[in-house]
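Throughout, numbering of the chain's residues begins at 1 and tracks the sequence.
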Amino acid sequence: APAAGEPAFQAMSATARERILYCIAVYDNSQLIYTRTMLDGARDMCEAGFRLRVVLLTAHPELLTPLDDLKAALSCANRDGALELELAVRPPATKKA
């Protein structure tokens, strides 16, 4: 616990920040607004100086194309921050009957 008069939270320097892994599962087109909102949040964290790796997990990569457009929308102007975007295509766990 902080001593009396000390702030409960002190900002960390950019060099002391650890990386954040941010995974988002994208199942179908109905999640695109949610996905975009999550990506906007990741960009905001980068602008605050955090270093993030965003992994989009999907069985349908066509939902996230073109990936270059997503990367452009996630550009981070803070040189202390970093934002990597990765698309991880996985086979669906269940088959439709």
Side-chain angles (χ1 to χ4, degrees):
E6 290 184 13
F9 173 79
Q10 294 180 359
M12 297 169 57
S13 70
T15 56
R17 292 193 176 149
E18 295 184 20
R19 292 177 52 100
I20 297 172
L21 177 61
Y22 206 83
C23 295
I24 304 169
V26 183
Y27 300 105
D28 57 38
N29 283 330
S30 69
Q31 290 184 286
L32 291 180
I33 293 173
Y34 168 78
T35 301
R36 189 57 170 213
T37 301
M38 297 299 289
L39 292 173
D40 287 344
R43 186 192 63 239
D44 292 344
M45 291 173 69
C46 178
E47 293 293 347
F50 290 93
R51 296 177 297 148
L52 293 98
R53 179 176 179 196
V54 177
V55 179
L56 300 172
L57 301 163
T58 186
H60 306 286
E62 66 277 2
L63 296 175
L64 301 170
T65 56
L67 192 59
D68 288 338
D69 288 346
L70 285 176
K71 287 181 180 179
L74 294 174
S75 63
C76 178
N78 187 336
R79 59 188 163 107
D80 291 331
L83 182 59
E84 301 171 24
L85 181 63
E86 176 185 336
L87 179 62
V89 180
R90 301 289 187 259
T94 58
K95 296 182 180 179
K96 292 183 180 181

**Fill in**
Taken to the nearest 0.5 Å, the spacing of R53 CZ from L83 CG works out to 12.0 Å

**Message:** Applying salt bridge (charged side-chain N to carboxylate O under 4.0 Å, His left out), can you list everything that pairs with D40, at least two apart in sequence or on another chain?
**Reply:** R43

**Prompt:** Between Y22 and A42, what is the shortest heavy-atom contact and its length?
**Reply:** CE2-CB, 3.9 Å

**Complete:** Sequence neighbours excluded, the answer for salt bridge (charged side-chain N to carboxylate O under 4.0 Å, His left out) partners of R36 is none

**Message:** Which heavy atom of M38 sits nearest to which heavy atom of I24, and what is that distance?
**Reply:** CB-CD1, 3.5 Å

**Message:** Suppose we screen for side chain to side chain donor-acceptor pair (under 3.5 Å). Which residues come up paired with E84, at least two apart in sequence or across chains?
**Reply:** R19

**Request:** Could you tell me which non-hydrogen atom of N78 sits nearest to which non-hydrogen atom of C46, and how far apart they are?
**Result:** CB-O, 3.7 Å

**From L56, V54, V26, residue fulfilling side-chain contact (heavy atoms from CB on, under 4.5 Å) relative to L87** = L56

**Request:** Report the hydrophobic cluster partners of Y27, with the cluster defined as I, L, V, M, F, W, Y residues connected by side-chain heavy atoms closer than 4.5 angstrom, directly or transitively.
**Result:** none

**Message:** Just to verify, what does E47 make a salt bridge (charged side-chain N to carboxylate O under 4.0 Å, His left out) with, not counting sequence neighbours?
**Reply:** none

**Heavy-atom pair of closest approach, residues P91 and A59** = C-CB, 4.2 Å

**Asked** With clusters built from Ile, Leu, Val, Met, Phe, Trp and Tyr whose side-chain heavy atoms come within less than 4.5 Å, directly or transitively, what are the remaining members of the cluster of L57, listed by chain and number?
**Response** L21, V55

